[in-house]
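Sharing a structure here in structure tokens format.
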Amino acid sequence: MLDIKLIREKTDFVRARLALRGAGDEKLIEQILQADEQRRTILTEAESLKSQRNRVSKEIGALMGQKKNEEAEAKKKETRDLGDKIAGLDKLVNKADAERDALMLRLPNLPHESVPPGKTAEDNPEVRVHGEKINFSFKPKSHVELCDSLKLVDFARAAKLSGSGFLLYTNWGARLERALIQFLLDLHITEHGYTEVSPPLMVGEQCLVGVGQFPKFKDQYYGVAEGDDAKNLGKLYLIPTAETPVANIHREEILAEKQLPIRYCAYTPCFRGEAGAAGVGTRGMIRVHQFDKVELIKIVKPENGYDELEKMVLNAEKVLQLLGLHYRVIMLCTGDMGFGSAKTYDIEVWAPGQGSYLEVSSCSNCEDFQSRRMNLRFKAESGENKFPHILNGSGTALARLFVALIETHQQADGSVNIPAPLQPYLKTNCISI
RNA sequence: GGAAGGGUGGCUGAGUGGUUAAAGGCACCUGACUCGAAAUCAGGAGUAGGGGCAACCCUACCGUGGGUUCAAAUCCCACCCCUUCCGCCA
């Protein structure tokens, strides 16, 4: 959520930054200002009436204390209809309030000044590249072929269980997935200074609102129902990413300045409806309804937000470096960024069997956009309450990492070599038939 | 799911209709005393919204939402959460 004061005072600036996203959100500004103006007008009126009522009520109390009942009754009569007027105005204030907030919650974050203007993924500049595309002396297989031949994933039976877009990892596939999770967690905890947390996989609506997934993208997520009572449907949602519960851990709190920075790392499965997305239903692991991810979350002082973002990207890159994978880092242009982000880097890993790069990490600084929504603050040394920057980054997504790993390290004989840093976790240096 | 108890400020804990933003204690900040500290004494300090150039003023907030009343932390209703016991259960 943007600061209403910023919208009021620097309206043109806000409009211009929003326009850079190319989604037409700046058109909401006029309505927001209107609702805000209306709210304040009514509020002032209601509050002055309340002030009057409070004053008279105290007088009545004092008169009754002195047994001057007649005078008290007279005063009561005087203020009787004040209450009705106040109730009426309060309703209007609430309405204007709700109207303003509903609009505010649909407004995306402003892009940071360092983000290049652009419309689509075509306009995303490449920031840096690590390694290069691997040359095979044989025709590399796709991950689907490798999973079949090495029996790492049973696509057909996964579909039998849950429909398309789900994976059944088997034997070495399951072990590789588990080894990767453990490897990633250990790396971030011991080398990068994150604290591991393991959050609930179902959360209430307020958490989705807090990080900006609701209300605008409600159709993307799985709601669950307890028992067979339809009334319970939608009280809880399956998390689309660990960001949802973890970024909300301190919602509505006022942290001490010395508690910052907070750095959390969490492994969770992620559940996504992927409504309307191309690719679900095709065979493979690139886009699925459920995948594993190790997520990084930081809550930091505003002045450190962008330094911490750079570090976070390096933390995610380290994963790919250690696994011997070729990747590139790109910066998302204004038109391609997520709803809550002010600046985002994506990391794309090379998958030779696909002949394409796969997004395995997206690291964003949402600045105070989320902390405002969840009313998370910290008390600065000055005594002032401030909104911290909240950052999130994948460190990394697993299914696609799995794909890149087996496609990159496949051998002519159909086996897959395991990179040295992963061997202690998988307890083998090669997966073969 | 059943029963009982409970949700008040950073923490603890009083408060059952009228100067209660809310006693007392702890913690915190400032000052005095001290070489310094402790102890003691004096004072300060919640969050949010609105108004004002400002000193400042107003409003709301005692789990949440309604209701009764001139007036609600206090009375009524619904809901949520926590604790303990029982049941069920990985």
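Chain letters run A, B, ... following the sequence lines, proteins first and then strands; every chain starts at 1. Being a predicted model, the structure only gives us computed values, none of them experimental.
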Original post:
C1' atom, B/A32 versus B/A37: distance in rounded Å?
Top reply: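 Result for the C1' pair: 15 Å, nearest Å.
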
Original post:
Between A/K119 and A/D336, is there a side-chain N and carboxylate O pair less than 4.0 Å apart?
Top reply: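 The answer is no: the pair does not qualify as a salt bridge.
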
Original post:
When you compare B/G50 with B/G17, how far apart are their P atoms, in angstrom units rounded to a whole number?
Top reply: 36 Å

Subject >> Euclidean distance for P, B/G25 against B/G44 (whole angstrom) >> reply: 14 Å

Subject >> Rounded P spacing from B/G63 to B/U8 in Å >> reply: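 It comes out at 7 Å once rounded to the nearest Å.
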
Original post:
Could A/E73 and A/K76 be called an ion pair, given the rule that one side-chain N must be under 4.0 Å from one carboxylate O?
Top reply: yes

**OP:** Check RNA chain B against residues 197-215 of chain A and give the residues with a non-hydrogen atom under 4.0 Å, in numerical order.
**Re:**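 Contacting residues: none.
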
**OP:** Any chance you could encode RNA chain B as dot-bracket? Rule is Watson-Crick or G-U wobble with both distances under 3.5 Å; [ ] for pairs crossing earlier ones, | for another strand.
**Re:** ((((((((.[[[..)..(.....]]].(((((.......))))).((((((....)))))).[[[[[..)....]]]]])))))))....

Original post:
What does A/K235 touch in the nucleic acid at a heavy-atom separation under 4.0 angstrom: a base, only the sugar-phosphate, or nothing?
Top reply: nothing

Original post:
Charged N to carboxylate O below 4.0 Å: is that the case for A/K379 and A/E257?
Top reply: no

Subject >> Contact pattern, 5' to 3', of nucleotides 50-70 of chain B - B, S or - by protein heavy atom under 4.0 Å >> reply: SS------BBS---------B

Original post:
Hey, does the side chain of A/N385 come within less than 4.0 Å of B/A48's phosphate (OP1/OP2), counting only N and O?
Top reply: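 A/N385 to B/A48 OP1/OP2: side-chain N or O found under 4.0 Å.
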
Subject >> Separation between the P atoms of B/C57 and B/C70, rounded to whole Å >> reply: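 About 30 Å, rounded to a whole number of Å.
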
